[in-house]
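Heads up, the thing below is written out as structure tokens.
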Amino acid sequence: MTKFIKFLFLCIITSFTINAQNTVIKAGHFYDSRNGKMLENQIIVIKQGKIKEVGTNPKFSKNDKIIDLSDSWVLPGLMDCHVHVTSNTAHLQRNSITTNYVRESNALRAIRGSVVAKQFLDNGFTTIKEIGNDGNYATADIIKAIKYGWIKGPTIIYAGKIIAPFGGQTKNINPDNEGLWQFEYIDADTPDEIKKAVRKNIYYGATVIKMVTGDNGTYNEEDIKAAVDEAQKYGIKVTVHVVTEGIAATNAILGGAAAIEHGDNLNDEQLQLMKDKGVFLVGTDFSYDNNFAYGVGEKTAREWTDQLVDRLKRAYKIGTPMAFGTDIIIDLPGLNRVQSSLKVLETWKAAEIPASYILQTMTIKAAELLGIDKERGILEPTYYADIIAVKNNPLKDIESINTVHFVMKEGEIIRNDKK
Ligand SMILES: [Zn+2]
């Protein structure tokens, strides 16, 4: 009897699986991120959250759910490799980010982060790298809430607390308040302390390690290597913030970092070394408006952006691997976080980087850096169905990715304005 019930149950499950409805997207224009080319009239068949087939004539049933995007440009979900969803300094009006530590609780940070994470998803970013400065591991709870299905959000590659030489990125904290920065940073000044910090972050949910060097002290090559070796045991990568000139970036590159974040002052030799070692640049290329929002004045904002345009141009010419990252923590007037972040595209355009290459840095190249290039970033069979659509051709004007009207995350429709 029991065997018979089991058999019956199996039959029901099997017939359900066979008859399960697939989703079919008719894509008028289709971005092939592997080759950086736009294809015409492709059909994508999606089954249980993953892509089953893609082509001009794949088989599908008339019972399948059809989504008609024949007048749209269909792309893999975008990726931003440098975001801080729980941070916003706009309302602090030029006060130091340190002020946040006493004014904003971890709970408030997590609530903001869940709202911003959803903005990323709704505007086409199906994967983000959350890169620290998120309070006392606030994002770890956002990731849990997404996993539990309480809220919707992108896939989040998560850094936990930033590992840095004593003092984090703060300046001028008086000794009576020593350690205030530990709300968001782990002080680590020797290879052993660095290894312990890596383990602590992983314990609290980190899936990438972020280090800062050159701000308050500079890590040696051995220091970076200690983090890289420890992280490697857990199959995760180390990324390093460097904004200063000189040895800090070289140590990070030779120490085995997967990426340099910012790299404002990288010289040609360092960009070449990154190419040789396969180290990515996550440039966070602020536009004039993004820089001006920091209250630095017109001249300085212009100079900073010009410097980034020059660095982007040199990196592209040399062939340094690049992944798209924005780093925006000030929402511009009238714009949400993603719209404010996409202002960095003005800098990419000013550097005359081809739109197709920029799209690759937002998809296949970002996926490679994040270690998820076998699962996401390309629309091919077995990949997750992270799919978006925009109204205008992004190869003609990259800023048309601001016109996302359809978002699918692992086969689930998050947004479809045409319905
Ligand atoms: Zn940042």
Side-chain angles (χ1 to χ4, degrees), residues 79-90 92 95-101 104 109 112-113 116-117 119-120 125 127-135 137-139 142 154 156-165 167-171 181 183-186 201 206-216 237-244 248-249 252 257-266 280-287 289-291 293-294 296 304-305 307-308 311-312 322-332 337-338 340-344 347 361-362 366 369-370:
M79 301 184 186
D80 187 334
C81 296
H82 192 125
V83 304
H84 304 276
V85 290
T86 76
S87 296
N88 184 359
T89 57
L92 296 175
N95 280 346
S96 157
I97 195 169
T98 316
T99 319
N100 261 342
Y101 306 160
E104 297 197 334
R109 301 284 294 273
R112 176 191 291 125
V116 173
Q119 283 175 1
F120 272 99
F125 285 84
T127 301
I128 57 174
K129 184 172 75 170
E130 163 61 44
I131 197 76
N133 295 116
D134 73 320
Y137 296 103
T139 306
I142 298 171
I156 302 179
I157 309 296
Y158 175 48
K161 289 196 183 186
I162 296 167
I163 300 170
Q169 286 175 283
T170 60
K171 295 275 181 229
W181 55 83
F183 190 48
E184 293 192 331
Y185 296 88
I186 303 175
N201 272 331
T207 47
V208 64
I209 296 299
K210 158 103 173 273
M211 303 176 86
V212 162
T213 179
D215 288 17
N216 280 327
K237 300 185 184 189
V238 174
T239 193
V240 184
H241 154 116
V242 189
V243 292
T244 50
I260 300 291
E261 309 282 332
H262 316 296
D264 301 15
N265 286 290
L266 290 168
F280 276 80
L281 171 64
V282 180
T284 66
D285 309 279
F286 282 17
S287 71
D289 288 340
N290 299 128
N291 277 322
Y294 276 79
V296 293
W304 284 0
T305 299
Q307 183 188 1
L308 293 172
R311 197 268 281 106
L312 251 184
M322 285 194 263
F324 186 76
T326 58
D327 191 29
I328 301 306
I329 56 170
I330 301 179
D331 298 347
L332 298 174
R337 177 63 59 89
V338 181
S340 304
S341 299
L342 286 175
K343 292 288 275 184
V344 306
T347 313
T361 71
M362 302 172 106
L369 169 61
L370 301 178

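Every number for a ligand or one of its atoms is a count from 1 in the order of the listing. Note that the structure is a prediction, hence the values are computed from the model and not measured.
- Backbone or side-chain N, O or S atoms of His84 reach the Zn ion (ligand 1) at under 2.8 Å.
- Taking each heavy atom of Leu308 and Thr347 in turn, the nearest pair found is CB-CG2, 4.1 Å.
- For the Zn ion (ligand 1), the set of nearby N, O or S atoms under 2.8 Å includes one belonging to His82.
- Scanning both residues, Asn216 and Pro165, for their nearest heavy atoms gives O-CB, 2.9 Å.
- No donor-acceptor pair under 3.5 Å is formed between the side chain of Arg337 and the backbone N or O of Val85.
- At least one N, O or S atom of Asp327 sits under 2.8 Å from the Zn ion (ligand 1).
- Nearest heavy atom pair, residue Gly283 against residue Arg311, reads O-NH2, 3.1 Å.
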